[in-house]
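Each remark here refers to the structure printed beneath this line.
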Amino acid sequence: MNRTVLITGATRGIGRETVKQLCSQDFTVFATGRDPNLLDQLKETAGCLGEVFDLSDSEAVVSLYETARTSLGRIDVLINNAGFNPGKNPVAEVSAEQMDASYAVNFRASFLLCREALKEMSGRKSGHILNVISTIARTSAPNYSAYCSLKYALHGFTQCLIKEARQVNVKVTGVYPGGTDTDFRPEERPDYMRAESAAKMIVQCIHTPQDVTVHELVYRPMVESNF
Ligand SMILES: NC(=O)c1ccc[n+]([C@@H]2O[C@H](COP(=O)([O-])OP(=O)(O)OC[C@H]3O[C@@H](n4cnc5c(N)ncnc54)[C@H](OP(=O)(O)O)[C@@H]3O)[C@@H](O)[C@H]2O)c1
């Protein structure tokens, strides 16, 4: 059966590869990001729908959900994938602006989209929400507090959502990828997972049999030992 997907952070990295894989299967995808050129390229090559939205704006996030729902007819799968590291610096140097920016994109946008999705999906008593978090929320690292703390917030929220959504037959998965070689980091890391591989894990999780729910999907490159 054809299923519809809304995915954020689709213009690069893990999100872009997830869109390509879903579009080559039986999914109709609404993709979003900020870069209009990258989004246009993706729409053309993968065959997805999509529109540019800046997730740091809470009103834009709510209108993204409505735009995607109108465009797709319904949303069966929501993938909250967008995220960014507002800067690697010691706590003494973290600015309020960095923390606010991390909150807006790494937590609030996903929270708002989950809220909108749950309203829709609970009516149908079906659906799947996947929140892309990080293995950083299973550990910690110096100089990562602005990123790490809001990924922990998303982890905590996802755990609550799993329990609420279960009551209306909606699946929720916290996705915890480890190091992946994408534009997320300034330096190339060929020893890390490829974006295609990280995406493949997400797509496989969407294919979980109907009578199974995956609460946590934790995966890493073999070089990673921070567990
Ligand atoms: N790469 C890793 O090692 C790693 C490890 C663990 C978890 N993760 C998580 O996995 C997810 C995907 O990461 P990635 O490595 O694929 O990152 P990436 O290559 O840097 O891509 C990030 C995506 O998020 C979008 N985005 C960022 N800020 C946005 C905003 N304000 N509004 C709308 N879209 C925004 C970007 O859109 P534009 O470029 O169009 O602005 C881009 O499509 C993130 O949540 C990240 O935290 C990554």
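The analysis underlying the following values was restricted to heavy atoms, covering all of them including side chains, and did not include hydrogens, waters or symmetry mates. Being a predicted model, the structure only gives us computed values, none of them experimental. We count ligands from 1, going down the list as the structure has it; atoms in each ligand are counted the same way.
Under a 4.0 Å heavy-atom criterion, N81 is in contact with ligand 1. K151 counts as a contact of ligand 1, since one of its heavy atoms falls under 4.0 Å from the ligand. Ligand 1 has at least one atom lying under 4.0 Å from a heavy atom of G178. By the 4.0 Å heavy-atom criterion, R185 is counted among the residues contacting ligand 1. At a 4.0 Å cut-off, not a single heavy atom of Y192 sits close enough to ligand 1 to count as contact. Not a single heavy atom of Y176 sits under 4.0 Å from any atom of ligand 1. By the 4.0 Å heavy-atom criterion, I133 is counted among the residues contacting ligand 1.
Across G179, G83, A109, heavy-atom proximity to atom 22 (C) of ligand 1 is greatest for G83. The nearest non-hydrogen atom to atom 41 (O) of ligand 1, considering only R34, R220, R16, E224, comes from R34. The option with the heavy atom closest to atom 10 (O) of ligand 1, from among I79, L154, V132, is V132. Which of V19, L42, T182 comes nearest to atom 14 (P) of ligand 1 through a heavy atom is settled by distance: it is T182.
Interface atoms of ligand 1 facing F184, defined by a heavy-atom separation under 4.0 Å, are 1 (N), 2 (C), 15 (O), 17 (O), 18 (P), 19 (O), 20 (O), 47 (O). Remark: ligand 1 atoms within the under-4.0 Å shell around heavy atoms of L55 are 30 (C), 31 (N), 32 (N), 33 (C). Per-residue contacts place A10 under 4.0 angstrom from the following atoms of ligand 1 (heavy atoms of the residue considered): 43 (O). Under a 4.0 Å criterion applied to the non-hydrogen atoms of F53, ligand 1 contributes the atoms 32 (N), 33 (C). For ligand 1, the atoms sitting less than 4.0 Å from at least one non-hydrogen atom of G13 are 16 (O), 19 (O), numbered in the order shown with element in parentheses. Contact atoms of ligand 1 toward D54: 30 (C), 31 (N), 32 (N) (distance under 4.0 Å to a heavy atom of the residue). The I14 neighbourhood of ligand 1 comprises atoms 10 (O), 16 (O), with distances under 4.0 Å to a heavy atom of that residue.
Ion pairing between E224 and R189 fails under the 4.0 Å rule for side-chain N and carboxylate O. Residues E120 and R124 are paired through a salt bridge, judged by an N-O separation under 4.0 Å between the basic side chain and the carboxylate.
Annotation for E93: atom CD counts as buried by contact number, over 12 foreign heavy atoms lying within 6.0 Å. For R166, the CZ atom is loosely surrounded, since the number of other residues' heavy atoms within 6.0 Å does not exceed 12.
One side chain, T173 or H128, offers a donor N or O that lies under 3.5 Å from an acceptor on the other. Under the 3.5 Å distance criterion, with hydrogens and angles disregarded, no donor-acceptor pair is assigned to the side chains of N89 and N143.
Here the rule is side-chain hydrogen bond (donor to acceptor under 3.5 Å, both in side chains) with T28, and of T4, D76, N2 only N2 fits it.
Residues F107 and L6 share a hydrophobic cluster, clusters being chains of Ile/Leu/Val/Met/Phe/Trp/Tyr side chains in contact below 4.5 Å.
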